Amino acid sequence: MATPDLAKNTATNPDGRDLSPVDFIQLQQYMEYGSLRVKDVMKEFHAGGRLVQYRFGERIDAVGFSLFLKTYLEADDFPADFCQRLFHYFQNAERDVYMRSPPPKGGGVYLKDVSCYFSVLEEGQPRDKLEFTFKLYDKDGNGLLDSSEVDRIITQMMRAADYLGWDVTELRPVLKDMMTAMDADSSGAVTLQEWIQGGMNNVPLLVLLGLKMAERDGQHIWRMKHFNKPVYCNVCQSMLLGLRKQGLCCTLCKYTVHGHCANKNPGPCACTFVKSKKQIGVTHGWVSADCDSSKCHFCNKKIKTLAGKHCVWCQQMRHDDCVNFGSSSCDCGSLRDHILPPWAIYSSSKCMHTFILSPPHLSLQIAPIPDTHPLLVFVNPKSGGKQGERLHFFRNLHDYRILVCGGDGTVGWILDAIDKADLPVRPPVAVLPLGTGNDLARCLHWGGGYEGTDLREILKEVEESSLVPMDRWSVQVISEDPQEIGDPVPNEIINNYFSIGVDASIAHRFHSMREKHPQKFNSRMKNKLWYFEFATSETISASCKKLKECLSIECCGTPLDLSGHSLEGLAVINIPSMHGGSNLWGEAKKADRDNVSEEEPPDVVTDHDVLKMSSQDLSDKRIEVVGLEGAIEMGQIYSGLKRAGHRLAQTSQITIRTHKALPMQIDGEPWMQPPCTVSVVNIPLK
């Protein structure tokens with residue numbers, strides 16, 4: 001699940017008066033991993049609650065509204081612009097959604113309106129949600145959706161489809177036909193009753209309106225898809241007709257239906273767990289499918305269209321009549337090592353180390369399968385503040401792996417979640433690089449970016465990969481004057497690097513501009529151009545010149561002499577890659593590597609002759625200190641015109657004291673820091 005695309009949605013909804021389906025989808029992505037209910041948060045705004053000071057009669061102010069969201073969604077980092085847009089929606093609504101009273105005077109929003117809104121999203125039935133959205137889109141309040149209001153709904157659904165990653169090729173006429181069909185009496189307008197009746201039987205409409213329905217195990221997860229070849233509906237068994245060949249396809253099992261057939265009792269999707277430990281057994285997960293003239297695994301004869309089933313785990317295909325013959329045992333096929341099949345997950349009474357599935361609040365537990373290494377996959381987990389808790393589900397497994405699909409920030413988030421989970425066994429972590437820099441993925445030989453490789457090949461690489469221990473470092477920043485407030489320190493752990501000065505200044509300018517104008521940073525090319533512009537301005541301004549006069553450094557208590565260097569930047573690096581592949585430490589020459597002593601290196605090395613023969617090691621409990629002359633030198637290293645920066649030290653501990661405010665960054669997260677003491681120490685492996 002990706003972090004909500006707030007920049008795109010702000011552009012489509014600039015005044016905050018209307019809420020789009022994308023808003024609904026984003027909110028429910030946050031709500032999906034929350035454990036609190038609206039009623040729990042409401043208590044905090046009543047007498048004795050910790051938020052009661054933000055309530056004024058029946059209203060709450062902007063600060064109270066923000067705290068309501070952060071408390072309810074359990075997301076301290078809930079985006080400020082999204083929060084402001086939601087607040088303005090409630091504040092500027094043309095009329096009260098529930099026809100109760102006029103808009104509040106003196107600012108603020110009605111707490112009851114806010115609680116009703118989120119209660120509908122939280123536990124409302126489809127009928128309730130459809131009625132809610134009808135009133136939302138009925139702008140003139142006449143009880144009808146006229147042609148202009150319907151066109152607006154179609155536009156909003158197109159944006160929602162694009163946000164969800166649906167195939168939007170020729171989708172608009174499909175949605176137009178869908179909305180026209182809801183006008184049962186052909187009056188040219190849709191009544192509330194027509195809206196509810198049509199919506200209740202239209203899965204894509206519900207999805208594109210952002211009305212997430214309660215999910216059950218074995219329920220399909222539908223997605224609109226455009227097919228380029230003849231496809232048959234698995235329910236009515238007729239072909240998807242027309243040039244567009246638009247239909248619904250389950251993202252899990254590929255079951256395909258017409259939009260109007262989705263609610264006509266389709267066959268079940270693959271189950272993900274069994275109801276009790278007694279039902280544990282190695283059985284196939286058969287799902288009806290168009291086997292495309294494949295041969296039956298049992299009788300070896302061709303399977304006609306829609307006359308067969310395939311197992312979602314081992315990928316076997318059989319005739320409908322052959323399913324009950326042959327072996328019922330499933331070996332999970334070529335991906336067996338990665339799969340945690342449903343017969344290994346069972347519902348149990350609540351006890352320690354069970355995982356609570358909500359809804360419907362089931363307690364699940366794992367029965368480990370010998371000689372396998374189940375793969376726990378995370379895709380951009382920051383959007384769900386509770387995803388780290390999935391780690392607890394795997395506590396009683398001792399042989400499992402994690403695959404992180406994302407950039408360095410995502411990998412760091414997962415490593416931090418593993419630390420906090422206090423697991424009895426730390427799982428190895430592989431990376432599918434989807435970020436911009438992907439420095440950690442480069443060092444671990446997963447590449448600088450995903451280029452569309454077949455995922456089965458990647459899974460094979462995960463299975464055959466070797467373990468590499470990696471040092472990680474704790475960083476503590478203590479301000480010289482506690483009363484002097486700077487930016488919050490973004491991380492307490494260094495996985496990749498820590499830096500002060502020129503490169504942090506460029507990153508800080510880039511970050512600040514992106515926070516103010518996110519729409520200007522919506523492509524990699526634009527990002528690179530902006531970065532080049534900030535680097536150029538930093539070269540001219542030289543804001544960090546004479547850096548050695550602004551700080552002092554001690555490596556394991558030994559002062560580091562900077563008098564012979566003219567530096568504008570300092571980097572403390574843990575891995576041999578920074579800023580998307582730049583090796584600031586550089587590679588030691590072969591002749592120097594051959595002269596390296598095999599003895600255990602000392603805690604700190606500052607001698608230039610020794611340093612030039614030293615190589616980086618991810619697990620030597622040493623961190624490298626490099627000096628940078630300025631933005632021009634950084635550009636030379638990045639472009640390959642210069643081998644590396646200035647090697648200053650290898651050390652197992654470093655303390656930096658700054659005497660003025662300086663830009664700093666940890667793993668690409670910059671901030672401006674007042675005078676302080678920075679301590680970096682190795683985190684021992686458990």
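Heavy atoms only: backbone and side chains are in, while hydrogens, waters and symmetry mates are out. None of these values were measured; they are calculated from a predicted model.
- Scanning both residues, D439 and S577, for their nearest heavy atoms gives OD1-OG, 2.6 Å.
- I575 CD1 to D617 CG: the interatomic distance, rounded to the nearest 0.5 Å, is 13.0 Å.
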One pair to check against side-chain contact (heavy atoms from CB on, under 4.5 Å): L648 and L567. What are the steps and the verdict?
CA-CA 11 Å; L648 301 177; L567 304 177; 4.2 Å; yes
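- A side-chain donor from one of Q665 and S499 sits under 3.5 Å from a side-chain acceptor of the other.
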Test log, rule side-chain contact (heavy atoms from CB on, under 4.5 Å), inputs L340 and F394
CA-CA 10 Å; L340 185 63; F394 278 59; 4.0 Å; yes
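- Side chain of D471 to main chain of D620: a donor-acceptor pair is present (N/O by atom type, distance under 3.5 Å, no hydrogens or angles).
- Judged by distance alone, the side chain of N438 and the main-chain N or O of G407 form no donor-acceptor pair under 3.5 Å.
- Minimum interatomic distance between R401 and E463 (heavy atoms only, all atoms of both residues): NH2-O, 3.5 Å.
- A salt bridge links D454 and R456; the closest N-O separation between the charged side-chain nitrogens and carboxylate oxygens is under 4.0 Å.
- Counted by atom type alone, S537 and R509 present one or more donor-acceptor pairs between their side chains at under 3.5 Å.
- Relative orientation of the Y255 and H220 rings is parallel, given thresholds of 30° and 60° on the angle between their planes.
- Electrostatic pairing of R85 and D81 does not count as a salt bridge here, judged by no charged N lying under 4.0 Å from a carboxylate O.
- Although no hydrogens or angles enter the test, the distance criterion places no donor-acceptor pair under 3.5 Å between the side chain of W313 and the main chain of P342.
- At most 12 non-hydrogen atoms from other residues, nucleotides or ligands lie less than 6.0 angstrom from CD of E451.
- The 12-atom threshold is exceeded at NE2 of H565, counting heavy atoms of other residues, nucleotides or ligands nearer than 6.0 Å.
- Although no hydrogens or angles enter the test, the distance criterion places no donor-acceptor pair under 3.5 Å between the side chain of N496 and the main chain of N574.
- At a threshold of 4.5 Å between non-hydrogen side-chain atoms, the residues E492 and V477 do not count as touching.
- Atom CG of L618 sits in a crowded spot, with more than 12 heavy atoms from other residues, nucleotides or ligands closer than 6.0 Å.
- When every heavy atom of R472 is checked against every heavy atom of N682, the shortest pair comes out as O-ND2, 3.6 Å.
- Considering OG of S615 and CD of Q650, their distance stands at 8.5 Å, rounded to 0.5 Å.
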